There are 2 protein chains.
Amino acid sequence: MHTLSEENYLKCIYRLWQDRGEKITPTAIAEWLGNNPASVVDMIRKLTDKQLIIYDKKKGVELTPQGQKDATLIVRRHRLWEVFLLEKLGYHWDEIHDIAEDLEHIKDATLADRLDKFLGFPEYDPHGDPIPKANGKMAKRHSITLADVKPGTHCRVAAVKDTTSAFLQYLQKLSISIGTKIQLVEKIQFDGSLVISIGGGERTTVSQKFGENILIDM
Amino acid sequence: MHTLSEENYLKCIYRLWQDRGEKITPTAIAEWLGNNPASVVDMIRKLTDKQLIIYDKKKGVELTPQGQKDATLIVRRHRLWEVFLLEKLGYHWDEIHDIAEDLEHIKDATLADRLDKFLGFPEYDPHGDPIPKANGKMAKRHSITLADVKPGTHCRVAAVKDTTSAFLQYLQKLSISIGTKIQLVEKIQFDGSLVISIGGGERTTVSQKFGENILIDM
DNA sequence: AAATAAAATTAGGCAAGACTAATTTTATTT
DNA sequence: AAATAAAATTAGTCTTGCCTAATTTTATTT
Ligand SMILES: [Mn+2]
Ligand SMILES: [Mn+2]
Ligand SMILES: [Mn+2]
Ligand SMILES: [Mn+2]
């Protein structure tokens, strides 16, 4: 089995791989985890020895099939716990991520599957991310962001990329949650700011960074 | 906050203190945790620095009020998670202890209280142990064991002391669980073995050690 | 092509939490 | 009271997972 740190690195690599198709470098991992690149190099060696990743200076870090599978199961646990915390314990969506960050490391052969069943086999977590099934399969992630669409487009918030409470609380203040209808009214040329109409109501201006963290349906 | 190891030591000291009123020595702690006495001495120093225990060569290890409070809250979390695993996820009573051993260390200000509420404020865990309340108060522990009573006595299984799956599976095989009525028929002089009648049915002989791990009501 | 900047790696170190082996202290026998 | 046994403590070591500082490699400018 894997240590807590190994699991966090695995999940980070998985995340970076899903997100951008870009090359996964030690620096990128270090930035994401808030660690020093030297530490990342240490861990790359460990995960390579365990045959969970392959590191090639040209291609960057890649997950092996085993690494992929293991990472997926950690993500599965994380998202199932998030659903539990929100639906059963009544937490708000900006509070659950950090707790799930610890719960995801609880290791027991049948725990995730029992939790899944108890929760009624949810498809998506409270941030709109698809929950991997026991076999590792999962629904496609939404990939188009609010910042990608043409002005005038009407769309629906399908998921959020950023799950920090800073972002989620801002969304709450704007009355935006999963399912909210948004129209992109205008893109400001100068800095990419977006003028949007939330739920057919008042217009608000948000930053480009904001738009890039909202995944949408149409 | 405390590290995982600190918490496990705290809980161990609390346990030894509740159990026997005996002096809590480094060796006793080492044995309970399966660690080396030298390691225990290290940790005694850390917990002393943190003012969670007081160590006196004569009196052994004692919890300070703060140490007691912290230990109680860990026990609270452990027992609440055990109820959750059994009642909500359908685990058997011999499977839950080890998982709760990890879950008890998840730290979040409101998690235990929310879980408590979600479970309907249970008084006892699946092994019959009382669950401490948020304020640290808890029902009195049962203290009389099956090995303590006089032959002829009719009693009710209130709790089990040992929570290893070896013991719990043995109980299951004998159809004994919390609430089962047992009559102590005879005590064998030679080695303290107990002849008992389970649920008014067939007679079985069990060891003294067995009897000492069954806590009873009358 | 050189110069410069950025990224990756190595070397060395630190804290936590465990260990073993050696020593000292305390308790129990004789 | 000595001798012996047991318990406690110290000293030194190891692994994990992180760090900083120095160096080397790779990429980007000029
Ligand atoms: Mn994590
Ligand atoms: Mn999520
Ligand atoms: Mn534990
Ligand atoms: Mn229990």
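Below, chains carry the letters A, B, ... as their sequence lines are ordered, and counting in each starts from 1. These figures come from a predicted structure and were not determined experimentally.
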Check: Taking CD1 from B:Ile44 and P from D:dT10, how many angstroms apart are they, rounded to a whole number?
Finding: 11 Å

Notebook entry, point to check: Hey, does the side chain of B:Tyr9 come within less than 4.0 Å of C:dA18's phosphate (OP1/OP2), counting only N and O?
Noted result: yes

Check: Is the cationic atom of A:Lys88 (NZ for Lys, CZ for Arg) positioned less than 6.0 Å from the six-membered ring centroid of B:Phe84 and within 45 degrees of its normal?
Finding: no

Check: Does a side-chain N or O from B:Tyr55 land closer than 4.0 Å to OP1 or OP2 of D:dT9, or not?
Finding: yes

Notebook entry, point to check: If you take atom types as modelled and just measure distance, does the side chain of A:Asp42 reach the base of D:dC18 with a donor-acceptor pair under 3.5 Å?
Noted result: yes

Note to self: Does a side-chain N or O of B:Lys46 approach OP1 or OP2 of C:dA16 to a distance below 4.0 Å, or not?
What the structure shows: no

Next item on the list: Please determine, for D:dT9, whether a Watson-Crick or G-U wobble partner exists with both distances under 3.5 Å, and give it or none.
Entry: C:dA22

Checklist line | Complementary nucleotide for D:dT29 - Watson-Crick or wobble, under 3.5 Å | finding: C:dA2

Check: Among D:dC18, D:dG17, D:dT20, which is the nearest nucleotide to the side chain of A:Ser39?
Finding: D:dC18

Next item on the list: Mind calculating the distance between CG (B:Asp56) and P (C:dT26) to the nearest angstrom?
Entry: 12 Å

Checklist line | A:Asp116 side, atom CG; A:Leu111 side, atom CG - distance, nearest 0.5 Å | finding: 11.0 Å

Checklist line | Euclidean distance, atom CE of residue B:Met1 to atom C1' of C:dA16 [Å, nearest integer] | finding: 18 Å

Notebook entry, point to check: Less than 4.0 Å between a side-chain N and a carboxylate O, is that true for A:Arg76 and A:Asp113?
Noted result: yes

Notebook entry, point to check: Nearest-Å distance, NZ (A:Lys58) to P (D:dT25)?
Noted result: 14 Å

Note to self: Within the 4.0 Å heavy-atom criterion, would you say A:Ser5 contacts the bases, only the backbone, or no part of the nucleic acid?
What the structure shows: sugar-phosphate

Note to self: Please determine whether a side-chain nitrogen or oxygen atom of B:Thr25 lies at a distance below 4.0 Å from atom OP1 or OP2 of D:dA7.
What the structure shows: no

Next item on the list: Could you tell me the separation between the CD atom of A:Glu6 and the C1' atom of D:dC18, rounded to a whole number of Å?
Entry: 14 Å

Checklist line | Spacing between B:Lys50 atom NZ and C:dG17 atom C1', to the nearest angstrom | finding: 14 Å

Checklist line | Of the listed nucleotides D:dT16, C:dG17, C:dT9, the one nearest the side chain of A:Val41 | finding: C:dT9

Notebook entry, point to check: Rounded to the nearest 0.5 Å, how far does OH of A:Tyr9 lie from CD1 of A:Ile29?
Noted result: 8.0 Å

Margin query: I'd like to check A:Val206 versus A:Leu174 (side-chain heavy atoms, cut-off strictly below 4.5 Å). Are they in contact?
Written below: yes

Margin query: What is the separation between atom CG on A:Asn36 and atom C1' on D:dG17, rounded to the nearest whole Å?
Written below: 12 Å

Next item on the list: State, without any angle test, whether A:His105 and B:Asp102 hold a side-chain donor-acceptor pair at a distance under 3.5 Å.
Entry: no

Note to self: Can you identify which nucleotide, out of D:dT9, C:dA18, D:dT16, has its nearest atom closest to the B:Lys57 side chain?
What the structure shows: D:dT9

Next item on the list: Compare the minimum distances between each of C:dA18, C:dC19, C:dT9 and the side chain of A:Pro26, then state the nucleotide with the smallest one.
Entry: C:dT9

Next item on the list: Calculate the interatomic distance between B:Asn8 atom CG and C:dA16 atom P; express it in whole Å.
Entry: 17 Å

Check: B:Arg45 side chain N/O closer than 4.0 Å to the phosphate oxygens (OP1, OP2) of C:dA16?
Finding: no

